[in-house]
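These notes are about the structure you will find just below.
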Amino acid sequence: MISEAMVAVIFILCPLIYVCSAETYSFDRLSPDQNLCSLIIRPAGYACSEHTILTDDGYLLALQRVSSSKIGNLRQNPRPPVLLQHGLFMGGDAWFLNSPEESLGFILADRGFDVWVGNVRGTRWSHGHVSLSLKDKDFWDWSWQELALHDFAAMLRYIKAVTSTKIFVVGHSQGTIMSLAAFTQPNIAEMVEAAALLSPISYLEHINSKFVLRMVNMHLDQMILAMGIHQVNFRSDWGVNLVDSICDGHLDCNDLLTSITGKNCCFNNSRVDFYLEYEPHPSSAKNIRHLFQMIRKGTFSKYDYGVVKNLMQYGQLKPPVFNLGNIPESLPLWMAYGGDDALADLTDVKHTLKELQSTPELLYLENYGHIDFIISVHAKEDIYNHMISFFNSREKSSSLK
């Protein structure tokens with residue numbers, strides 16, 4: 001039965017359906033010479049090359065390879081490759097939004113790592129599909145399940161082919177969901193030397209984000225899909241109106257970021273305008289639906305199509321789970337999580353840890369919120385130096401094998 005709240009949102013959104021279906025994201029209007037390398041990374045004084053890879057389901061993704069002039073010729077004394085995997089509504093730019101002294105992508109390059117920057121399908125920097133247009137609903141027929149098993153896997157295969165070595169992985173938020181799901185697959189896990197997970201997520205049952213919980217309770221994911229909306233783009237007119245409708249009279253959204261992610265301790269407010277030049281990126285309505293399924297059901301499973309389609313898709317009534325116990329005990333994991341993170345709740349992080357065979361190295365920061373892990377002005381001292389020490393120890397261990 002449709003509640004009064006659902007009816008209200010339908011009336012708010014219906015006039016915007018045409019806007020949404022006709023909307024094309026701003027990366028359609030980028031010229032060929034406008035890319036992540038040219039707009040952010042090279043202007044900061046770092047060498048950067050653009051790579052385009054093809055997933056096995058036809059998506060064209062951008063990878064950037066970054067190195068620093070501060071450490072000489074990487075090709076003569078190469079350090080291991082590191083793949084940086086961004087979170088939901090973000091792109092590869094997320095790792096370079098602060099100064100070179102504060103941004104993880106630049107810091108890793110300055111430490112001599114061979115930095116690779118991932119950008120999943122649908123984001124500003126990735127390049128579409130071999131046959132589908134951004135306006136085609138089929139282009140947006142994916143969730144984080146496909147991002148993990150197709151996009152992430154394709155990135156790792158490409159980097160391994162170029163470098164002929166195993167890869168360090170850094171994921172944040174949705175990037176950790178992708179990583180953990182992918183690591184349950186032996187053919188993917190074998191390409192990874194070690195992984196560092198920031199705000200690690202596999203379970204979302206105890207999420208306490210007021211903004212997200214309101215959307216879940218309104219069944220907004222179901223309504224958007226029922227109305228034929230496939231791209232979720234908060235930079236569009238309908239996206240702005242959607243946020244207004246959720247906040248109006250129900251939530252204090254004066255500090256919208258806190259309403260979504262939890263209180264962030266170390267956010268540089270003076271750079272907000274710069275952040276908003278690049279964030280947020282779009283995602284798919286199906287992806288949001290999958291995440292909301294996880295919140296409602298407390299599961300870490302593939303997308304739930306309903307009984308009939310599950311039988312057709314998976315050969316069983318319920319979607320298969322991603323069994324964290326299948327992640328190899330030999331795969332070193334390092335995790336950093338925060339006490340003020342409204343998306344990666346402490347109870348859910350503990351649930352993740354309980355299911356793993358291995359015992360990851362942990363860093364707990366009581367005053368850190370969800371976004372602090374990538375844009376805190378103190379992240380280098382609080383987080384990144386610890387992460388790099390972990391990678392250094394794995395590099396030494398690997399060289400002794």
Side-chain angles (χ1 to χ4, degrees), residues 51 53 61 63-68 71 74-86 92 95 104-120 147-172 175-200 202 322 324-336 352-353 356-363 373-374 383-401:
H51 301 251
I53 64 172
L61 311 178
L63 275 174
Q64 291 80 31
R65 191 180 194 182
V66 184
S67 60
S68 172
I71 44 81
L74 256 181
R75 303 299 169 260
Q76 291 178 3
N77 298 290
R79 292 197 71 186
V82 181
L83 171 61
L84 304 180
Q85 186 51 60
H86 62 79
W95 307 102
L104 181 60
F106 293 131
I107 291 168
L108 287 170
D110 285 340
R111 296 291 186 95
F113 288 94
D114 184 8
V115 177
W116 294 79
V117 186
N119 301 272
V120 302
L147 303 185
L149 301 181
H150 299 291
D151 292 25
F152 188 65
M155 294 173 194
L156 290 171
R157 283 194 296 268
Y158 182 88
I159 297 168
K160 191 170 187 296
V162 171
T163 64
S164 301
T165 187
K166 287 189 174 185
I167 302 144
F168 288 132
V169 168
V170 180
H172 173 249
T176 72
I177 299 176
M178 293 167 54
S179 299
L180 289 167
F183 296 160
T184 67
Q185 313 299 305
N187 62 319
I188 300 177
E190 67 182 9
M191 294 185 282
V192 178
E193 184 65 46
L197 305 179
L198 305 173
S199 300
S202 62
F322 285 102
L324 295 174
N326 290 337
I327 297 177
E329 188 175 7
S330 58
L331 177 59
L333 299 175
W334 180 94
M335 297 183 180
T352 299
L353 294 172
L356 295 168
Q357 291 189 67
S358 63
T359 302
E361 294 186 29
L362 301 176
L363 176 65
F373 287 92
I374 53 170
I383 306 169
Y384 303 152
N385 287 343
H386 299 278
M387 176 198 299
I388 291 169
S389 293
F390 166 73
F391 284 155
N392 288 343
S393 68
R394 298 315 310 168
E395 188 179 358
K396 291 175 184 175
S397 173
S398 178
S399 68
L400 295 174
K401 293 177 182 177

(message) Let me confirm one number: the CD-CG distance from Q357 to L331, rounded to the nearest 0.5 Å.
(response) 10.5 Å
(message) Is any side-chain heavy atom of V169 closer than 4.5 Å to one of V82?
(response) no
(request) Could you pull out all residues at least two apart from T163 that satisfy side chain to side chain contact (heavy atoms under 4.5 Å, CB included)? (result) R65, P81, D114, W116, I159, T165
(message) Going by the rule side-chain hydrogen bond (donor to acceptor under 3.5 Å, both in side chains), which residues pair with S199 if we only count those two or more places apart in sequence or in a different chain?
(response) D341
(request) Determine, step by step, whether L104 and L84 satisfy the side-chain contact (heavy atoms from CB on, under 4.5 Å) criterion, reporting the C-alpha distance in whole Å, the side-chain angles of both residues, the deciding distance to 0.1 Å, and the verdict. (result) CA-CA 9 Å; L104 181 60; L84 304 180; 4.3 Å; yes
(request) Could you grab the distance from atom OG1 of T184 to atom CG of L180, nearest 0.5 Å is fine? (result) 9.0 Å
(message) Within the 4.5 Å heavy-atom criterion, are L83 and V117 side-chain neighbours or not?
(response) no
(message) Tell me every residue that passes ring-ring contact (aromatic ring centres under 6.0 Å, His included) with F152, counting only those two or more places apart in sequence or in another chain.
(response) none
(message) Test of understanding: with side-chain hydrogen bond (donor to acceptor under 3.5 Å, both in side chains), list the residues that count as partners of W334, not counting sequence neighbours.
(response) none
(request) Would you indicate whether the side-chain heavy atoms of L198 and M387 approach each other to under 4.5 Å? (result) yes
(message) Can you confirm whether F391 sits close enough to V170 that some side-chain heavy atom of one is under 4.5 Å from a side-chain heavy atom of the other?
(response) yes
(request) Could you pull out all residues at least two apart from P360 that satisfy side chain to side chain contact (heavy atoms under 4.5 Å, CB included)? (result) L333, M335, L353, L356, S358, L362
(message) Checking T352 now: which residues fulfil side-chain hydrogen bond (donor to acceptor under 3.5 Å, both in side chains) with it, not counting sequence neighbours?
(response) S202
(message) Could you measure the distance from the CG atom of N385 to the CG atom of N392? Nearest 0.5 Å is fine.
(response) 10.0 Å
(request) Identify, with sequence neighbours excluded, every residue that meets side chain to side chain contact (heavy atoms under 4.5 Å, CB included) alongside Q185. (result) L149, N187, I188, F322
(request) Could you tell me which non-hydrogen atom of S179 sits nearest to which non-hydrogen atom of L197, and how far apart they are? (result) CB-CD2, 4.0 Å
(request) Please collect all side chain to side chain donor-acceptor pair (under 3.5 Å) contacts where either partner lies in residues 147-161, sequence neighbours excluded, each pair once. (result) H51-Y158, D56-H150, R121-D151
(message) Nearest 0.5 angstrom please: L363 CG to H386 NE2, how far?
(response) 5.5 Å
(request) For the pair N119 and L61, evaluate side-chain contact (heavy atoms from CB on, under 4.5 Å) and give the outcome as yes or no after the intermediate values. (result) CA-CA 6 Å; N119 301 272; L61 311 178; 5.9 Å; no
(message) Donor-acceptor pair, distance only, cut-off 3.5 Å: does the side chain of R394 make one with the backbone of P332?
(response) no
(message) Test of understanding: with ring-ring contact (aromatic ring centres under 6.0 Å, His included), list the residues that count as partners of H172, not counting sequence neighbours.
(response) H370
(message) So, taking the atom named CD in Q85 and the one named CH2 in W95, what distance separates them when rounded to the nearest 0.5 Å?
(response) 8.0 Å
(message) Between M155 and I53, is there a side-chain heavy-atom distance shorter than 4.5 Å?
(response) yes
(request) With sequence neighbours left out, write down each residue that passes ring-ring contact (aromatic ring centres under 6.0 Å, His included) with Y384, or none if nothing qualifies. (result) none
(request) Kindly give the heavy-atom pair with the smallest separation between S68 and A109, and that separation in Å. (result) CB-O, 3.4 Å
(message) According to side-chain hydrogen bond (donor to acceptor under 3.5 Å, both in side chains), who are the partners of N326, at least two apart in sequence or on a separate chain?
(response) none
(request) May I ask you to test the S67-F113 pair for a side-chain heavy-atom distance under 4.5 Å? (result) no
